[in-house]
Amino acid sequence: MARIAYVNGRYTPLSEAQVHVEDRGFQFADGVYEYWSVLGGKLADAEGHLDRLERSLSELRIQEPMSRAALLGVLRETVRRNRVREGSIYLQVTRGAARRDHPFPPPGVRPTVVAIARPADFSSMEAKARHGVAVLTQPDIRWGRCDIKTVGLLPNILAKQAAREAGANEAWLVDADGFVTEGSSTNAWIVDAEGRLRTRDLGANILRGITRKTLMALAAELQMTVLETPFTVAEAMSAKEAFFTAASAFITPVVKIDSVIIGDGHPGPISLRLRSLYFQRARKDAL
Ligand code: PDD
């Protein structure tokens, strides 16, 4: 079946989908994005990602391309036309196409909107989670507004590539003080000796992860303690368990950081339990 992309009001075969060569997303990374997992044909954490999209657009003063309801309609229609049951949908909104010039373009230039849905092999992701994955630490060399989900991801890409070349699945970024900020495309977590969850606070220069937020609500219901306090690489290495969260990874256990094995080298019970509870919750609440 031919894949279909949504581009500026039209549903087009992916192979023919195009944006302008002077799109500001292409020339300046002047745009934002969101990524939802699709569970049973529906968007997981739908509202949370839409909230963050609106915030990212507002922080950059990019016009909202359409109402929230219309946008959700486009996302669902893109999922439907691609017959995705288990997979993802990616949405990108840029400041639009205009003659190359650094300041914002004149009023009237409309944002560019692209949505792409893709099926995923959840069983291979599940197998990976059952084994746990390795992460590689890398210096955090990003800009100061990582709370905005922009398409300017070069430092993230370089860190992820370094991880892959080292045989690791993800890179954990480390700030100048030696504390882990987050992953290159995930939020970083540990379980400490007392069984408390720890992840970086939102006052730090990190993305406000939606999976992180849902997991926090879940942890509160389970009466687990969550500490939003920085942890060092050494603390992570001696933690009972470690994992990362993202719409693309759900909750993925970490069993190795650089060359150090975490716990007994197998995914911990807390990480696995939270993973399975997250799935139940996300499926139930998907839109
Ligand atoms: N990445 N931190 C960074 C830097 C991210 O890029 C992401 C998501 C997260 C997790 O956020 P959420 O739980 O809302 O997905 C944290 C997406 C999946 C991506 O770039 O594809």
Side-chain angles (χ1 to χ4, degrees), residues 25 29 31-39 43-56 59 75 87-93 114-118 120 122 125 128-129 133 135-164 169-175 179-190 197 199-219 226 228 230 242-252 254 271 274-275 278-279 281-282 285-286:
V32 303
Y33 73 105
E34 275 300 333
Y35 179 108
W36 291 256
S37 63
V38 174
L39 300 173
L43 278 69
D45 287 326
E47 302 282 3
H49 289 279
L50 286 168
D51 288 343
R52 188 174 60 193
L53 175 75
E54 286 169 9
R55 181 177 179 275
S56 294
E59 290 295 308
L75 295 168
S88 64
I89 179 146
Y90 171 83
L91 173 76
Q92 182 169 335
V93 181
V114 173
I116 302 166
R118 193 164 82 178
F122 278 13
M125 282 171 76
K128 201 172 73 180
V133 301
V135 301
L136 179 76
T137 58
Q138 288 285 288
D140 193 340
I141 58 167
R142 301 173 301 163
W143 75 321
R145 290 304 307 272
C146 295
D147 57 310
I148 305 173
K149 198 161 173 60
T150 84
V151 294
L153 291 173
L154 214 34
N156 308 60
I157 286 165
L158 295 177
K160 183 83 90 182
Q161 183 63 22
R164 292 298 163 91
N169 180 269
E170 171 62 310
W172 274 11
L173 308 177
V174 181
D175 68 18
F179 294 105
V180 175
T181 50
E182 60 182 328
S184 70
S185 63
T186 59
N187 288 111
W189 299 70
I190 59 172
L197 301 179
T199 193
R200 196 73 192 253
D201 61 285
L202 298 184
N205 187 30
I206 63 167
L207 187 75
R208 302 172 177 189
I210 304 304
T211 318
R212 173 189 186 282
K213 191 174 175 195
T214 301
L215 180 60
M216 281 195 165
L218 206 57
V226 180
E228 295 180 79
F243 61 88
F244 54 74
T245 56
S248 53
F250 309 112
I251 291 158
T252 297
V254 170
S271 313
L274 291 174
R275 180 179 170 86
Y278 173 81
F279 265 119
R281 165 69 57 96
D285 293 347

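In listed order, ligands and their atoms are each counted from 1.
For the residue pair Trp36 / Ser88, no side-chain donor-acceptor distance below 3.5 Å is found, with atom types taken as modelled. For the residue pair Thr252 and Lys128, no side-chain donor N or O sits within less than 3.5 Å of a side-chain acceptor on the partner. Residues Asp175 and Thr181 bring no donor and acceptor atom of their side chains to less than 3.5 Å of each other.
Of the possible polar contacts, one joining the Asn156 side chain to the Ser184 backbone as a donor-acceptor pair under 3.5 Å is found. Looking at Glu170, its side chain does come within 3.5 Å of a backbone N or O of Ser185 through a donor-acceptor pair. With hydrogens and angles disregarded, no donor-acceptor distance shorter than 3.5 Å links the side chain of Arg52 to the backbone of Lys149.
The proximity of Leu153 to ligand 1, defined as any non-hydrogen pair under 4.0 Å, does not occur for either the backbone or the side chain. Using a 4.0 Å cut-off between heavy atoms, Asp45 makes no contact with ligand 1 at all. Residue contacts with ligand 1 for Ile210 involve both N, CA, C or O and side-chain atoms from C-beta outward (heavy atoms, distance under 4.0 Å). Contacts with ligand 1 closer than 4.0 Å are made by backbone heavy atoms (N, CA, C, O) of Ser184 only, the side chain lying farther away. Only the side chain of Tyr33 comes within 4.0 Å of ligand 1, judged by heavy-atom distances.
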Would you check, one step at a time, whether the test salt bridge (charged side-chain N to carboxylate O under 4.0 Å, His left out) holds for Arg200 with Glu182? CA-CA 7 Å; Arg200 196 73 192 253; Glu182 60 182 328; over 6 Å; no

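Against a heavy-atom cut-off of under 4.0 Å, Thr245 is close to the following atoms of ligand 1: 10 (C). When each atom of ligand 1 is checked for a heavy atom of Ser248 under 4.0 Å away, the hits are 18 (C). Ligand-side atoms of ligand 1 in range of Glu182: 2 (N), 3 (C), 4 (C), 16 (C), range being under 4.0 angstrom from any heavy atom. The distance from ligand 1 to the heavy atoms of Ala247 drops below 4.0 Å at these ligand atoms: 12 (P), 13 (O), 15 (O).
Taking the charged nitrogens against the carboxylate oxygens, Asp147 and Arg55 do have a contact shorter than 4.0 Å, which makes a salt bridge.
Ranking the protein heavy atoms by distance from atom 13 (O) of ligand 1 puts Thr211 OG1, 2.6 Å first. For atom 7 (C) of ligand 1, the closest non-hydrogen atom on the protein side is Ser185 O, 3.2 Å. Closest to atom 17 (C) of ligand 1 among all protein heavy atoms lies Lys149 NZ, 3.4 Å. If you check which protein heavy atom lies closest to atom 11 (O) of ligand 1, you get Gly209 CA, 3.5 Å.
Under a 4.0 angstrom heavy-atom cut-off, His49 registers as being in contact with ligand 1. Ligand 1 lies nowhere less than 4.0 angstrom from a heavy atom belonging to Lys213.
Where the criterion is an N or O separation shorter than 3.5 Å, residue side chain and backbone included, Tyr35 fails it with respect to ligand 1.
Here the two rings, on Phe244 and Phe250, have centers that are 6.0 Å apart or farther.
Minimum interatomic distance between Ala115 and Leu75 (heavy atoms only, all atoms of both residues): CB-CD2, 4.4 Å.
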